[in-house]
Amino acid sequence: MEVRTRFAPSPTGFMHLGGLRTALYNYLYAKKMGGKFILRIEDTDQERYVEGATEVIYDTLRGCGMQWDEGPDVGGDYGPYIQSERKQLYLPYAKQLVESGHAYYCFCTECELKARREAAEARGEVYKYDKHCLRLPKEEVEERLARGDSWVIRLNAPTEGESSYHDAVYGDMTFPNDTLDDMVLIKADGMPTYNFANVIDDHLMGITHVMRGAEYLSSTPKYNLLYEAFGWDIPEYVHLPSVMRDSHHKLSKRDGDAYYSDYVEKGYLTEALINYLALVGWNPGDDREFFTMDELIDVFDISRLNKAPGIFDVDKLTWFNAEYIRRMDFDRYLEIVTPWFDKVLKGKNIDYHRLAELMKDRTEVFNRVPDMVAFLGELPEYSVDLYTHKKMKSNPEVARTALALCLPVLEGIDEADWNETVIHDRLMETIANSGMKNGAVLWPLRIAISGQASTPGGAMEIAYLLGKEETLRRIHCGQEMLASAE
RNA sequence: GGCCCCGUGGUCAAGUGGCCUAAGACACCGCCCUUUCACGGCGGCUACUCGGGUUCGAAUCCCGACGGGGUCACCA
């Protein structure tokens, strides 16, 4: 039988990383098995409707390389794929359940329920719907329906015995039935609840494998009650461990670390994000860590899914990102990094191509680039202490000598010859003749022209990037500072 | 609180009764390379939550405790 998986997000306007990983596993498994990956939008909560939210879902999935085979915009044989457009489809199924005694009309108002819940809590009890309306005589139900009283349809869940099911990751699960609530199937606004629509749609769309977050582990028995009441086959369940921020918290909106867009804006590559995400809760069983989407499809295996929640480690993601950047084509790097250079160097006449060569191996996340290169645009204020470096055998005294040595050499280079080779050769020749150590000359020079302890590239590269005029100007600044510190 | 799940280093994790005086990766620390930083190379630190069993033998199986998480909506 063809494998059919689905990703069924509700359009909130953001793609949560946990959701993205769920989508990824669904996609990988479907592709691995030569099956279909279906996208269904679960928007049964009309109060939560957000403009443009479905586009966010489309863009994210496509941006990550996960194209769905069936979905709202691409169609398919089981549409529509947006639940609000399927609205009229659910009620008949609910009524069928009422007929067969698996469900019933309930006229309790939200107000009444709230009061009962609070009363139960006050007594220290766990609230559970008391099946009040199940006991209503049939005539009264008909009468109130005819009268136009507001109603919902509830599942008539068993109160005794226990329910079991098998999960591909967690194994055999058993729950006492008395913990099952008579969940609402059809809401007062006529819309199905998520719980109900989910089951109906999964069945109607022929979903064979339901892969979703582990938070659904304990509500699954209720879904099974529905499948059984209809006489439908229960799909394979594959519950996924949560993705956490730390051992106590899931990734959250508040900390700005939960959404796909948060990371894209910071300058993380989608390939790195997907690669890393695939490894939180799953591993290939060997030491490999780098995977393209096709490779993931090839090696993905449900049996290697973990049970324990995994913490999303930004440091590791950052390492992946840096590795992906090092391995990427130079041209693509240049294209991506250019706007980040522009933030601090626009109009400064800097050789972006050369700067990019220098920066590529040093870039971990793109949003760190501006701070790393800003000194090229403007000499930062710095302390004279920077001239002191024990290992380079430099101190202000040495620095004065070094700068005095370099200045005429650099001044003597023609504007037209201002390139790294010439700068390098003249400087090295001079240093060799002076008898000073390379570091003792080059360290102060780099400090003078950059104003900071660490830079992408050494003195020669920076001097080249700065240009002759600016390099000389900065050396003069350094000399003044050293003179006044004497 | 009831029910359910989970428990190998700071983090991700391999490990399915002997090959474990427990792999690998990130992070961290040290050394080397070197005109800084980064890259790269080499090395180091750190773990089977605890207590009982079962067994010739347990990280691996069982029970309990403890710890953490999830779930108990006319949200999804």
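Just so you know, these numbers come straight off a predicted model, no measurement behind them. Side chains included, hydrogens not; waters and symmetry mates left out as well; all remaining heavy atoms used.
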By the 4.0 Å heavy-atom rule, please label T174(A) as base, sugar-phosphate, or nothing. sugar-phosphate
- Considering only the P atoms, how many Å lie between A59(B) and U8(B), rounded to the nearest integer? 15 Å
Original post:
So what does G457(A) hit on the nucleic acid, given a heavy-atom distance under 4.0 Å: a base, only sugar-phosphate, or nothing?
Top reply: base
| message | Does F320(A) reach a base, just sugar-phosphate, or nothing at all? Heavy atoms under 4.0 Å. | response | nothing
Picking from C26(B), C74(B), C3(B), the nucleotide nearest the side-chain atoms of T193(A) would be C74(B)
Rounded to whole Å, the CG-C1' distance (D178(A) to C72(B)) equals 12 Å
- Message: Using a 4.0 Å heavy-atom cut-off, does C111(A) contact any base of the nucleic acid, only the sugar-phosphate backbone, or nothing at all?
- Response: nothing
Among the nucleotides C3(B), U36(B), C5(B), whichever has the atom closest to the side chain of M392(A) is U36(B)
For T455(A), report the nucleic acid contact type (base, sugar-phosphate, nothing); a contact means any heavy atom under 4.0 Å. base
From the list T220(A), N26(A), T22(A), side-chain hydrogen bond (donor to acceptor under 3.5 Å, both in side chains) partner of R212(A) resolves to T220(A)
Are the aromatic rings of F107(A) and W151(A) close, with centres under 6.0 Å apart? no
Heavy atoms only, 4.0 Å cut-off, all strands: where does A308(A) land among base, sugar-phosphate and nothing? sugar-phosphate
Paired to A25(B) by Watson-Crick or G-U wobble criteria (both distances under 3.5 Å) is U11(B)
note: E215(A), atom CD; C72(B), atom C1'; distance rounded to Å ~ 14 Å
Checking C6(B), A73(B), U36(B) against the side chain of P309(A) (C-beta onward), the nearest is C6(B)
TODO: Assign M460(A) to base, sugar-phosphate, or nothing according to its heavy-atom contacts below 4.0 angstrom with the strands shown.
DONE: base
Only one of F320(A), F312(A), Y276(A) passes ring pair (Phe, Tyr, Trp, His ring centres under 6.0 Å) with Y263(A), and that residue is F312(A)
Less than 3.5 Å apart, any donor N or O on the side chain of Y464(A) or T471(A) sitting next to an acceptor on the other? no
State whether R362(A) places a side-chain N or O below 4.0 Å from either non-bridging phosphate oxygen (OP1 or OP2) of G40(B). no
Against the side chain of L113(A), the closest entry in C74(B), C26(B), G69(B) is C74(B)
Determine the contact category for N306(A): base if any of its heavy atoms lies under 4.0 Å from a base atom, sugar-phosphate if only primed atoms, P, OP1 or OP2 are that close, otherwise nothing. sugar-phosphate
Is it true that the side chains of T388(A) and N395(A) contain a donor and an acceptor less than 3.5 Å apart?
no
Residue-phosphate contact under 4.0 Å: K316(A) side-chain N/O, U11(B) OP1/OP2: no
Taking U36(B), C74(B), U11(B) as options, the one with an atom nearest any side-chain atom of D313(A) is U11(B)
Does G15(B) have OP1 or OP2 under 4.0 Å away from a side-chain N or O of R304(A)? yes
- Message: I'd like the P distance from C4(B) over to G40(B), given in whole Å.
- Response: 49 Å
ask   = Base, sugar-phosphate, or nothing: which does H239(A) touch, judged by heavy atoms less than 4.0 Å apart?
value = nothing
Among C74(B), C26(B), G68(B), the one nearest any side-chain atom of R117(A) is C74(B)
Please determine if a side-chain N or O atom of S218(A) lies less than 4.0 Å away from the OP1 or OP2 oxygen of C72(B).
no
Discussion item. Students often get this wrong, so: under 4.0 angstrom with heavy atoms, is M372(A) touching a base, only sugar-phosphate, or nothing?
Written reply: nothing
Rounded to the nearest 0.5 Å, the NE2 atom of H102(A) sits from the CD1 atom of I153(A) at a distance of 14.0 Å
Of E323(A) and M428(A), the one whose nearest nucleotide on RNA chain B sits closer to the 5' end is M428(A)
Are side-chain N/O atoms of S10(A) and Y194(A) paired as donor and acceptor at under 3.5 Å?
no
field: Presence of donor-acceptor pair under 3.5 Å, side chain of Y216(A) and base of A76(B)
entry: yes
Taking 4.0 Å as the cut-off, does a side-chain nitrogen or oxygen of H389(A) come that near to OP1 or OP2 on U36(B)? no
Winner on side-chain proximity to H424(A), out of C75(B), U35(B), A25(B), is U35(B)
ask   = Using 4.0 Å as the upper bound for N to carboxylate O, is an ion pair formed by E271(A) and R332(A)?
value = yes
pair_partner(A58(B)), Watson-Crick or wobble, both distances < 3.5 Å, evaluates to none
Check every strand shown and say whether K391(A) touches a base, only sugar-phosphate, or nothing at a heavy-atom separation below 4.0 Å. base
Taking A76(B), C12(B), C5(B) as options, the one with an atom nearest any side-chain atom of I311(A) is C12(B)
Checklist line | Donor-acceptor pair present, R446(A) side chain and U35(B) base, under 3.5 Å | finding: no
In Watson-Crick or G-U wobble terms, with both distances under 3.5 Å, the base opposite C50(B) is G64(B)
Partner of U71(B) under the Watson-Crick or G-U wobble criteria, both distances under 3.5 Å, comes out as G2(B)
Practice item. Report which part of the nucleic acid D315(A) touches: base, sugar-phosphate, or nothing (heavy-atom distance under 4.0 Å, all strands). Key: sugar-phosphate
The Watson-Crick or G-U wobble partner of C42(B), with both key distances under 3.5 Å, is G30(B)
Categorize V280(A) for me: base, sugar-phosphate, or nothing, with a 4.0 angstrom heavy-atom threshold over every strand shown. sugar-phosphate
Using a heavy-atom cut-off of under 4.0 Å over every strand shown, decide if R212(A) touches base, sugar-phosphate, or nothing.
nothing
